[in-house]
S.K.: 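Please find one structure pasted underneath; my questions will follow.
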Amino acid sequence: MTPTTELPATRLLPEELEVARLIVSALSLEVAPEEIEPEAPLFNEGLGLDSIDALEMALAISKAYNVKLRSDDERNHRIFASLRSLTAHIEKNRAR
């Protein structure tokens, strides 16, 4: 059997926890950042976020990471699909 490098879906990476904390703080969510499932949808049945929340998240992410998220980006449904996908996008595009 070959060891796998995939993480369990419920375990947050340090950078995912950082983004989860930012989301919880920016949106004043009543959930602990550690409780957010990294692969769960952020919208609808997942965290239940809406389009206003997306705008607030984009602003907070822009300020914290200098990553621009545009409302007209065709990739938004993939970028905002889950905490894990959002964090991966931020890590790929952030100014260090």
Side-chain angles (χ1 to χ4, degrees):
M1 192 180 279
T2 320
T4 180
T5 57
E6 287 187 36
L7 290 169
T10 58
R11 187 166 150 222
L12 292 176
L13 296 169
E15 56 271 14
E16 291 170 342
L17 182 57
E18 182 181 314
V19 173
R21 287 182 177 137
L22 177 69
I23 291 170
V24 168
S25 173
L27 303 179
S28 300
L29 299 179
E30 294 183 11
V31 62
E34 300 82 10
E35 294 176 5
I36 298 176
E37 295 288 329
E39 294 289 343
L42 293 176
F43 296 89
N44 302 322
E45 71 275 0
L47 278 182
L49 303 182
D50 61 24
S51 59
I52 300 298
D53 295 323
L55 293 173
E56 290 181 29
M57 271 195 310
L59 180 60
I61 289 166
S62 176
K63 286 181 180 178
Y65 301 108
N66 199 24
V67 172
K68 305 296 181 211
L69 296 163
R70 298 175 42 107
S71 62
D72 61 350
D73 191 327
E74 296 172 358
R75 302 168 299 157
N76 279 343
H77 66 282
R78 283 179 294 178
I79 294 168
F80 287 98
S82 67
L83 175 62
R84 187 154 283 160
S85 62
L86 179 58
T87 302
H89 179 79
I90 291 168
E91 288 298 307
K92 182 179 175 186
N93 295 286
R94 77 189 288 186
R96 298 190 188 262

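Worth knowing before you read on, the calculation uses all heavy atoms, side chains too, and leaves out hydrogens, waters and symmetry mates.
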S.K.: So which heavy atom on R11 is nearest to which on E16, and how close?
M.R.: O-OE1, 3.8 Å
S.K.: Can you run down the salt bridge (Lys or Arg N to Asp or Glu O under 4.0 Å) pairs that involve residues 71-80, sequence neighbours left out, and say none if there aren't any?
M.R.: R70-D72, D73-R75
S.K.: What distance separates K92 NZ from T87 OG1, expressed to the nearest 0.5 Å?
M.R.: 14.5 Å
S.K.: Could you tell me which non-hydrogen atom of P33 sits nearest to which non-hydrogen atom of L12, and how far apart they are?
M.R.: O-CD1, 3.6 Å
S.K.: Does L59 share a hydrophobic cluster with I90, counting links as ILVMFWY side-chain heavy atoms below 4.5 Å and allowing steps through other members?
M.R.: no
S.K.: If I compare all heavy atoms of V67 with all of R94, which pair ends up nearest, and what's the gap?
M.R.: CG2-CA, 3.3 Å
S.K.: Considering only heavy atoms from C-beta outward, does the side chain of V19 approach that of E15 to under 4.5 Å?
M.R.: no
S.K.: What pairs of donor and acceptor atoms, side-chain ones from residues 47-58 against any protein atom, are under 3.5 angstrom apart with sequence neighbours left out?
M.R.:
residue: D50; atom: OD1; partner: I52; partner atom: N; Å: 3.1
residue: D50; atom: OD1; partner: D53; partner atom: N; Å: 2.9
residue: D53; atom: OD2; partner: D50; partner atom: N; Å: 3.0

S.K.: Nearest 0.5 Å, what's the CG-CD1 distance between N93 and I61?
M.R.: 11.0 Å
S.K.: Quick one: CG on L42 to OG on S82, what's the gap to the nearest 0.5 Å?
M.R.: 6.5 Å
S.K.: Over all heavy atoms of both residues, which pair between N76 and S71 is shortest? Give the atoms and the distance, please.
M.R.: ND2-O, 3.5 Å
S.K.: Do you know which two heavy atoms are closest between S62 and K68, and how far apart they sit?
M.R.: OG-NZ, 3.2 Å
S.K.: For the pair R21 and E34, find out whether any cationic side-chain nitrogen is under 4.0 Å from an anionic carboxylate oxygen.
M.R.: yes
S.K.: Using 0.5 Å steps for rounding, measure from the CG atom of L22 to the CG atom of L27.
M.R.: 8.5 Å
